[in-house]
Structures are given as structure tokens and as C-alpha cells.
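Notes to accompany the following structure.
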Amino acid sequence: MLILVRSIAFNVLFYLNTLILLILALPTFFLPYRAIIWVAKTWGRINLLLLRVVAGVHVEVRGIEKIPKGPLLVAAKHQSAWETFALVPLFENPVFIVKQQLIWIPIFGWLMKKGRMVPIDRSAGSQALSLMTERARIELADNRQLIIFPEGTRRPAGAEPRYKFGVAHLYAAEGVPCLPVALNSGLFWPRRSIMRYPGTVVVEILDPIAPGLEKDVFFARLQNEIETATARLIAEAKIAPRT
């Protein structure tokens with residue numbers, strides 16, 4: 001019962017924090033895009049503080065020293081909404097690949113566009129991949145860290161992985177290192193649930209994969225490294241996956 005009460009309290013504060021920062025972010029429409037990135041990092045840090053204080057969910061980041069400087073493709077495991085804000089403060093100038101529909105959301109989507117997020121229209125097939133690649137190249141040329149969830153959508157902790165080959169296409173096309181990221185957030189913030197379970201979310205930053213590998217080789221290596229580390233993090237937590 002206490003966990004439910006704390007979860008509801010956190011969720012109320014989470015959305016209140018989001019609303020307040022959306023309002024405070026409005027002036028960034030008239031500022032360089034880095035201003036909205038600063039707001040996004042602040043939003044992430046406040047959410048993490050609320051999560052720790054209200055819901056008892058802590059964070060441990062391993063391997064942060066492995067993050068290279070400059071342009072980077074970040075391929076992260078995606079188990080919940082947690083990583084959409086919690087990964088942002090880890091990088092100097094992050095940019096996400098996002099669904100096109102998110103850009104259409106009033107204010108929130110407009111601010112994402114201002115932050116130069118890279119949209120992808122999944123209904124456009126191969127053309128979508130081409131457009132995404134070109135936009136990604138522009139952002140990487142500005143020394144940004146491009147965060148992508150290779151599975152495309154949230155997958156419950158412990159679920160069978162479903163990686164999409166688009167990440168290999170980006171890796172081959174952009175010629176920058178790829179940083180694999182494993183995590184176990186789904187144990188504490190299950191997808192499609194209001195529950196926030198106390199404990200420690202562990203994020204493990206793995207060794208960067210240098211550019212130049214064949215697509216198939218890279219794809220197999222990326223999936224193996226992320227899934228092996230993620231399975232280990234779930235096992236370490238000694239908590240049964242929650243859905």
C-alpha cells in the first residue's frame with residue numbers, strides 16, 4: 001500500500017514538474033537550441049531527485065568514464081519511460097531519434113523540434129530511414145550525441161529482444177563510434193504501470209564500438225553486448241521482472 005501511495009505521489013509531482021518546465025521553457029523559442037537542451041537536462045535531474053526522495057528509486061551509473069568526447073551514436077536498452085529523461089544529463093549535447101507524432105504535440109513537440117530532435121516517420125518505409133540518416137548526419141556534425149533505442153519501443157525487463165536493423169544502417173552511414181548502454185529500469189519503473197518500486201536502477205555504459213565494422217557484424221555484436229549486460233544487471237537486482 002505504501003509503495004502505491006508513494007508511486008501516485010511521484011507521478012503527480014512528475015507531471016507537475018513537466019508542466020512547470022514546459023512553461024519555463026517557452027522563452028527558449030527565441031534562444032539558441034542549446035537553451036532547451038539545458039532545460040531538458042534540468043527536467044531530467046529534478047525527476048531523478050523526485051524519484052529518489054518520493055519513491056525511493058536510486059540510480060547507479062557504471063562506466064561513465066567510457067563516454068567519448070564529440071559526435072557519438074548511443075544505443076540504449078529501452079525498458080520504460082525512465083531512460084527518456086534519465087539518460088539526458090549524462091551527455092554534453094544529446095539529441096534523440098523520436099517518433100514523428102511526438103513533434104505534433106502542442107508545446108512539448110514544438111520544444112522537441114526547437115531542440116532539433118531527429119524525427120522518424122515509421123509509415124514512410126525506406127524513405128524514412130534515408131531522411132533520418134540525413135538529419136542525424138547534420139546533428140552529429142554539430143558534435144552531438146545521438147541517442148537511439150534499437151528496439152524502437154519499450155520492452156519489459158527480461159523480455160525477448162527485438163532489435164531493428166536501422167541502428168546498423170545509422171552506424172555504417174555516419175562513421176562515428178557507437179556507445180552501447182545496458183540498464184534494468186524496467187524492474188523499478190515497469191512500462192504501462194503507475195507503480196514505481198523502490199530500489200536502484202543500474203545503468204552500465206559499455207565499451208564504445210569503433211566505426212568501420214560490417215553492418216551484420218556490428219548488429220550482432222551490439223545486441224549481444226547490450227543483452228548480456230542487461231541480463232546480468234537484472235540478475236544482480238535479485239528482483240523478478242515486473243510487467
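One hydrophobic cluster, built from ILVMFWY side chains closer than 4.5 Å, cannot hold both L233 and V201; they sit in different ones. No continuous path of hydrophobic side-chain contacts links V202 to V61 [ILVMFWY only; heavy atoms under 4.5 Å]. When the side chains of ILVMFWY residues are joined at heavy-atom separations under 4.5 Å, either directly or via intervening members, I37 and I20 end up in a single hydrophobic cluster. Follow the hydrophobic side-chain contacts under 4.5 Å out from V203 and you never reach Y197; the two are in separate clusters. Hydrophobic cluster membership is shared by L102 and F29, with clusters built from Ile, Leu, Val, Met, Phe, Trp and Tyr side chains linked at under 4.5 angstrom.
Of all heavy-atom pairs between T230 and A182, the closest is OG1-CB, 3.3 Å. Between A75 and C178, the shortest heavy-atom contact is CB-SG, 3.9 Å. Residues I148 and L73 share a closest heavy-atom pair of CG2-CD1, 3.8 Å. Here the closest non-hydrogen pair linking I64 and I205 is CA-CD1, 3.8 Å. Of all non-hydrogen atoms in P198 and V57, the two that sit nearest each other are CA-CG2, 4.2 Å.
Taking 4.5 Å as the limit, some side-chain heavy atom of H169 sits within range of a side-chain heavy atom of T133. Contact annotation: the side chain of V95 never approaches that of I147 to less than 4.5 Å [non-hydrogen atoms, C-beta and beyond]. With contacts defined as side-chain heavy-atom distances shorter than 4.5 Å, the pair F219/D216 does not qualify. Looking at I239 and F188, their side chains come closer than 4.5 Å, going by heavy atoms from C-beta outward. Annotation: side chain of E160 is in contact with side chain of R155 (closest heavy-atom distance under 4.5 Å).
Although no hydrogens or angles enter the test, the distance criterion places a donor-acceptor pair under 3.5 Å between the side chain of T28 and the main chain of A25. Checking side-chain atoms of E204 against main-chain N and O of G63 turns up no donor-acceptor pair under 3.5 Å. Counting only distance, with no hydrogens or angles, the side chain of S7 and the backbone of R196 share a donor-acceptor pair below 3.5 Å. With T84 contributing its side chain and A81 its backbone, the two residues share a donor-acceptor pair below 3.5 Å. Between the side chain of N47 and the backbone N or O of A86 there is no donor-acceptor pair closer than 3.5 Å. E83 places a side-chain N or O within 3.5 Å of a backbone atom of Q79 that can act as its donor or acceptor partner.
Counted within 6.0 Å of NZ on K215, heavy atoms from surrounding residues, nucleotides or ligands total more than 12; the atom is thus considered enclosed. Counting heavy atoms of neighbouring residues, nucleotides and ligands inside a 6.0 Å radius, atom CD of E60 exceeds 12 of them. Summarising the local packing, NZ of K113 is surrounded by 12 or fewer heavy atoms from other residues, nucleotides or ligands at distances under 6.0 Å. Enclosure of atom OH in Y33 by more than 12 non-hydrogen atoms of other residues, nucleotides or ligands within 6.0 angstrom is indicated.
One distance of note links CG of L206 with NZ of K77; it measures 12.5 Å at 0.5 Å rounding. Taking CG from L50 and CG from N17, the interatomic distance works out to 6.0 Å, rounded to the nearest 0.5 Å. In this structure, CG in L183 is found 9.0 Å from CD1 in I226, a value given to the nearest 0.5 Å. Note that the CD1 atom of I209 and the CD atom of E225 stand 4.5 Å from one another [nearest 0.5 Å]. Taking CD1 from I36 and CH2 from W43, the interatomic distance works out to 10.5 Å, rounded to the nearest 0.5 Å. Note: E214 CD to R221 CZ = 14.0 Å, rounded to the nearest 0.5 Å.
Taking the six-membered ring where tryptophan is involved, the planes of F14 and W189 are perpendicular, since the angle between them exceeds 60° and thus also 30°.
The residues E92 and R144 are annotated as not salt-bridged, no charged nitrogen and carboxylate oxygen being separated by less than 4.0 angstrom. R162 has no carboxylate O lying under 4.0 Å from a charged side-chain N of E151, or vice versa, which leaves the two without a salt bridge. The existence of a salt bridge linking E174 and R135 is excluded, since no basic side-chain nitrogen approaches an acidic carboxylate oxygen closer than 4.0 Å.
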| request: Show your working on side-chain contact (heavy atoms from CB on, under 4.5 Å) between F149 and I97 and close with a plain yes or no. | output: CA-CA 8 Å; F149 301 122; I97 292 179; over 6 Å; no
| query | Does the pair N93 and N143 meet the rule for a side-chain hydrogen bond (donor to acceptor under 3.5 Å, both in side chains), with working shown? | reply | CA-CA 8 Å; N93 190 9; N143 284 327; over 6 Å; no
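For the side-chain contact (heavy atoms from CB on, under 4.5 Å) test with L146, the passing option among L72, V74, V118 is V118; the others fail.
Between F218 and Y171, a ring centre-to-centre spacing shorter than 6.0 Å is recorded. Here the two rings, on F10 and W82, have centers that are 6.0 Å apart or farther.
Between the side chains of H78 and T153, no donor N or O sits under 3.5 Å from an acceptor N or O.
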